[in-house]
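Here, residue 1 is the first one in the sequence, and each next residue gets the next number. Source: prediction; values computed, not measured. Every heavy atom of this structure was used, including side-chain atoms; hydrogens, water molecules and symmetry mates were not.
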Amino acid sequence: MSMPSKWSIAQFWARSPSINQFAPHLSLDEPCCFACGWFSEHWKKATPQASWQRATLERAHIVPKSLGGPDDADNLLLLCRSCHEESPDWPDRQQMARWIATREERPSKELETFQSWLAAAERAPEFKEAIASIATEPGAYERVSERLRDLLGQAGTHFGIGFSQGTREAVLQAAAREIQRETKAAGDIAEGPQVDEPSR
C-alpha cells in the first residue's frame, strides 16, 4: 500500500481530536509544517488540495517504520526538512507530541531568506557602503538588482539548501566591488582629462 497523499494527511489531522498535540499549526487553507508553522508563499495554488500537494513538506512517521510504525495517516505528519531531521525516532507516540510542544515557530521561507540576506549584508559592510554611495542616483535600485541577479547566476548552490550564507556574502562583496568600480569609472569620465595650465 502506498503512503497517503499530503492532502489526505492534512485532512486526517484537521479532523483529529489530537490536532493540538501533533499538528498545532495546521490550517487546511494554507499548508505549513505541523510542528513549527514554516511555510512558503509560493505553495499557494488554486485549491487547498493543490497547495498541499505542491508544498515541500516531508511525510514524517510518528512511530518510525523501522520500529513498526505503519504508513497510515494517523502515524504520519507533514514536517519541514529541519523538523523532520530533528524529530525523535522513538516507539512512544507521546514523545513526538512532547517534542512538537517545544518547537519554536519559524517564519515563512521568504522571510527567512530575507533575514539571511540581511545577515549576509552585516558581514559585508562594503556592500552597505557601496549602496549608500549610489542611493540617491536615478535608477540605483534597478542597477543594484540587475547586478545581484547577474552575480547570483554565477553562484553555485548546495543541494536541498540553495544559496549558503557564505555564497550570499560573496555575492554582496562582489557586487560592492563592481558598484565601486563603476562609480569610480563614471567619476573619472565626468572629471574629464586633466589639462596642465601653461606656465607663465
Could you check if a side-chain atom of [X] sits within less than 4.5 angstrom of a side-chain atom of [Y], using non-hydrogen atoms only?
X: Q115; Y: P107; result: yes
X: D150; Y: E178; result: no
X: E58; Y: L78; result: no
X: E104; Y: C36; result: no
X: K45; Y: P31; result: no
X: H84; Y: R59; result: no
X: W13; Y: S18; result: yes
X: S116; Y: Q165; result: yes

Non-hydrogen atoms of [X] and [Y] that approach each other most closely:
X: T183; Y: R143; answer: OG1-NH2, 3.4 Å
X: C33; Y: C83; answer: SG-SG, 3.8 Å
X: F22; Y: Q94; answer: CZ-NE2, 4.2 Å
X: Q173; Y: R123; answer: NE2-O, 3.9 Å
X: W99; Y: A35; answer: CZ3-CB, 4.1 Å
X: P91; Y: V63; answer: O-CG2, 3.5 Å

Within one Ile-Leu-Val-Met-Phe-Trp-Tyr cluster: [X] and [Y], side-chain cutoff 4.5 Å:
X: L28; Y: L79; result: yes
X: L118; Y: L172; result: no
X: F114; Y: V171; result: no

I'd like to know if the side chain of [X] and the backbone of [Y] have a donor-acceptor N/O pair within less than 3.5 Å.
X: Q180; Y: A130; result: no
X: R81; Y: T56; result: no
X: S16; Y: F12; result: no
X: D89; Y: P64; result: no

Report task. Quick one: sort the W43 and W38 rings into parallel, tilted or perpendicular, breaks at 30° and 60°. Result ->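 Answer is perpendicular, since the angle exceeds 60°.
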
How long is the straight-line distance from [atom2] of [Y] back to [atom1] of [X], given to the nearest 0.5 Å?
X: Q11; Y: L26; atom1: CD; atom2: CG; result: 10.5 Å
X: E146; Y: L151; atom1: CD; atom2: CG; result: 10.5 Å
X: I179; Y: E129; atom1: CD1; atom2: CD; result: 12.0 Å
X: K65; Y: M3; atom1: NZ; atom2: CE; result: 7.0 Å
X: H25; Y: I19; atom1: NE2; atom2: CD1; result: 11.0 Å
X: I62; Y: F34; atom1: CD1; atom2: CZ; result: 9.5 Å

Query - Residue pair I134, E182: steps toward the side-chain contact (heavy atoms from CB on, under 4.5 Å) verdict - result: CA-CA 10 Å; I134 65 167; E182 290 169 3; over 6 Å; no

Query raised in the report: Are K109 and E41 within salt-bridge range, i.e. N to O under 4.0 Å?
Result: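 Salt bridge: no.
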
Query raised in the report: Is it true that R93 and D74 have a side-chain N and a carboxylate O under 4.0 angstrom from each other?
Result: no

Report task. Give the intermediate values and the outcome of side-chain contact (heavy atoms from CB on, under 4.5 Å) for residues W52 and L57. Result -> CA-CA 8 Å; W52 278 98; L57 297 168; 3.9 Å; yes

Query raised in the report: Any side-chain donor paired with an acceptor under 3.5 Å for R98 and Q95?
Result: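 The criterion, which ignores hydrogens and geometry beyond distance, is satisfied for Q95 and R98.
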
Requested in this report: List the steps and the verdict of side-chain contact (heavy atoms from CB on, under 4.5 Å) for R177 and E126.
Outcome: CA-CA 8 Å; R177 285 191 299 274; E126 61 271 33; 5.5 Å; no

Query - R168 charged N/C atom sitting above W117 aromatic ring, 6.0 Å / 45° - result: yes

Query raised in the report: So does Q21 have more than 12 non-hydrogen atoms from other groups sitting under 6.0 Å from CD?
Result: yes

Report task. Show your working on side-chain contact (heavy atoms from CB on, under 4.5 Å) between M96 and S87 and close with a plain yes or no. Result -> CA-CA 7 Å; M96 179 67 85; S87 65; 3.9 Å; yes

